[in-house]
Colleague: 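For reference, the structure I am asking about is given below.
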Amino acid sequence: MRKDSKPWFFVALVTVAIGISYFDRQALPVAISAIQRNIPISDAQFALLQAAFLATYALLYAGGGKFLDTIGTKVGFAVSMAWWSVACALHGFAHGMVLLVMARLLLGMGEGAAFPAATRVIAEWLPATERATAMGIINAGTALGSVLAPPLIGLILLLGSWRYIFFFAASLGLTWAAGWLVVYRQPAEVASRQTEGGVAPIPWLRLLASRRVLGMVSAKFLSDSAWFFCLFWLPKYLYDARGFDIKQVSYFAWIPYAASGLGSFSGGWFSSRLLRRGRSLNFSRKLPLGLSAALMPAVILVPHVSVSLALLLFSIAFFGQQSWSGLIMTLPTDVFPLSSVGSVAGLIGFGGAMGGAIFNLAAGQLLTHGAGYGTLFAVVGSLHAVAFAILLFTSGVLRPPGTNIFQERGKLVSS
């Protein structure tokens with residue numbers, strides 16, 4: 001294998017892992033109509049299942065980042081994938097809400113380390129000019145899993161029980177984990193630096209006292225509130241508000257997720273192109289982030305248009321959201337040393353997952369008590385604009401980690 005192709009081979013492997021993770025988390029929402037024939041699940045209970053996943057996902061996102069900074073990317077990522085694959089299989093044994101909730105909790109615990117691991121891989125292998133592109137490709141794995149979920153799940157449901165969906169997904173993850181342990185290697189210079197003692201990790205308390213870190217966490221809290229609502233409730237919205245059946249969801253629900261994959265790649269490619277053409281790191285990240293946020297209000301119009309136009313609006317919003325998501329998860333690699341990249345990415349992801357958990361619970365309660373989808377989409381469509389404003393206010397000028405220092409009150413500032 002040529003030296004310059006190895007990083008992109010690992011990027012491809014991580015993209016597949018993220019695709020598996022999104023297939024696993026989408027299996028329940030897409031198959032919910034079939035599951036409800038055996039296990040009665042109300043809107044509030046459905047929201048509880050998603051919140052259970054997101055609560056442990058949030059906690060282990062932060063903990064998983066620290067875990068990866070300690071144990072390393074190779075072993076840490078394999079352990080994470082194996083854990084969530086077993087948790088996914090547990091869904092298939094459920095005969096009531098208790099085991100479903102437990103399985104969702106365990107699934108969230110395992111998947112929490114996925115994106116911190118992805119962030120570490122690109123920080124270990126790629127220069128700043130290529131990282132946004134790489135993260136865009138990896139983030140497109142979310143679309144890979146989400147696009148494949150409706151038709152594959154529909155096919156499995158036609159051939160047999162909904163339980164087989166979770167067993168199939170678990171087998172994919174366990175196979176990937178075994179392969180990762182065999183093939184992944186750190187660059188020689190990174191391994192040597194860790195052995196000899198490189199830059200010490202920044203303590204969590206100092207990270208949490210950093211205005212920059214808190215700004216990124218807050219922005220992700222808001223943007224992922226919107227994203228996880230769309231991710232988990234799109235199939236149910238099509239069932240409940242548009243009268244779709246499982247066959248129609250299998251035919252059409254993949255379209256917005258495909259657009260999200262294009263957004264992931266496009267946002268990363270555009271940011272990297274700006275950087276390669278000599279624009280500053282600050283400009284090259286913030287301009288694409290702002291443009292991405294500007295697409296999200298399209299979702300506000302969804303309840304007021306035809307089904308075909310609603311799918312188009314969902315696609316525009318999904319494109320913008322995943323362009324945003326890949327870029328904001330690239331920021332830790334830009335401005336923090338490798339020894340703390342996993343921890344910062346974990347904290348950012350923690351904020352996002354907590355936002356998703358809280359908003360999903362709120363959405364379930366609002367729908368149960370008579371609020372319509374129109375109200376929820378109006379809120380969802382405005383959150384990214386607020387998130388971008390917070391990011392501009394708190395991030396300062398983005399510069400590589402060599403120009404960043406800790407000063408008074410433990411805040412990370414640009415020198």
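Keep in mind it's a predicted model, so treat the numbers as computed, not measured. Numbers for residues simply follow the sequence, beginning at 1.
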Colleague: Just wondering, do Tyr57 and Leu107 contact through their side chains at under 4.5 Å, heavy atoms?
Modeller: no

Colleague: Does Ser171 reach the main-chain N or O of Phe168 with its side chain, forming a donor-acceptor pair under 3.5 Å?
Modeller: yes

Colleague: For residues Met102 and Leu90, determine if any side-chain heavy atom of one lies less than 4.5 Å from a side-chain heavy atom of the other.
Modeller: no

Colleague: Stepwise, does the side-chain contact (heavy atoms from CB on, under 4.5 Å) test hold for Arg399 with Ser280?
Modeller: CA-CA 8 Å; Arg399 296 193 180 101; Ser280 70; over 6 Å; no

Colleague: Could you tell me if the side chain of Leu391 sits less than 4.5 Å from the side chain of Arg285, heavy atoms only?
Modeller: no

Colleague: Would you say the side chains of His91 and Arg163 form a donor-acceptor pair under 3.5 Å?
Modeller: no

Colleague: Is it possible for you to check whether Arg242 lies under 6.0 Å from the centre of the six-membered ring of Phe244, through NZ or CZ, and within 45° of that ring's axis?
Modeller: no

Colleague: How far does CD of Gln321 sit from NE2 of His384, to the nearest 0.5 angstrom?
Modeller: 4.0 Å

Colleague: Calculate, to the nearest 0.5 Å, the distance between atoms CE and OG belonging to Met135 and Ser325 respectively.
Modeller: 8.5 Å

Colleague: Got a sec, which residues hit side chain to side chain donor-acceptor pair (under 3.5 Å) with Ser272, two or more places apart in sequence or on another chain?
Modeller: Thr133

Colleague: Contact between Ile122 and Thr333 at the side-chain level, heavy atoms closer than 4.5 Å - yes or no?
Modeller: yes

Colleague: I need the Asp24 CG to Ile165 CD1 distance, nearest 0.5 Å.
Modeller: 11.5 Å

Colleague: Quick check: Phe228 with Trp233 (ring centres under 6.0 Å apart)?
Modeller: no

Colleague: Partners of Ser223 by side chain to side chain donor-acceptor pair (under 3.5 Å), sequence neighbours excluded?
Modeller: Trp324

Colleague: Sequence neighbours left out, what passes side chain to side chain donor-acceptor pair (under 3.5 Å) with Trp180? Give chain and number order.
Modeller: none

Colleague: Nearest 0.5 Å, please: how far is CG in Leu376 from SG in Cys230?
Modeller: 10.0 Å

Colleague: Can you tell if the side chain of Phe359 reaches within under 4.5 Å of the side chain of Asp224, non-hydrogen atoms only?
Modeller: no

Colleague: Taking the six-membered ring of Phe283 (Phe, Tyr or Trp), confirm whether the NZ or CZ of Arg279 is under 6.0 Å from its centre and within 45° of its axis.
Modeller: yes

Colleague: Rounded at 0.5 Å granularity, tell me how far CG in Leu214 sits from CZ in Arg211.
Modeller: 10.5 Å

Colleague: List in chain and number order the residues that pass ring pair (Phe, Tyr, Trp, His ring centres under 6.0 Å) with Phe221, two or more places apart in sequence or in another chain; answer none if no residue qualifies.
Modeller: none

Colleague: Establish, yes or no, whether a centroid distance under 6.0 Å links the rings of Phe265 and Phe270.
Modeller: no

Colleague: Just by distance, no angles: are the side chains of Arg25 and Gln50 close enough, under 3.5 Å, to form a donor-acceptor pair?
Modeller: no

Colleague: Using the test salt bridge (charged side-chain N to carboxylate O under 4.0 Å, His left out), find all partners of Arg276 that sit at least two apart in sequence or belong to another chain.
Modeller: Glu130

Colleague: Within this structure, what is the CG-OG distance for the pair Asn139 and Ser260, rounded to the nearest 0.5 Å?
Modeller: 8.0 Å

Colleague: Is any side-chain heavy atom of Leu28 closer than 4.5 Å to one of Phe53?
Modeller: no

Colleague: Do Pro256 and Leu312 make a side-chain contact, defined as non-hydrogen atoms from C-beta onward lying under 4.5 Å apart?
Modeller: no

Colleague: Checking Tyr373 now: which residues fulfil ring pair (Phe, Tyr, Trp, His ring centres under 6.0 Å) with it, not counting sequence neighbours?
Modeller: Tyr237

Colleague: So Leu106 and Trp84, do their side chains get closer than 4.5 Å, heavy atoms only?
Modeller: no

Colleague: With a 6.0 Å cut-off on the ring centroids, do Phe377 and Phe229 count as close?
Modeller: yes

Colleague: Does Lys236 pair with Asp43 as a salt bridge, N-O distance under 4.0 Å?
Modeller: yes

Colleague: Does Trp83 have more than 12 heavy atoms from other residues, nucleotides or ligands lying within 6.0 Å of its CH2?
Modeller: no

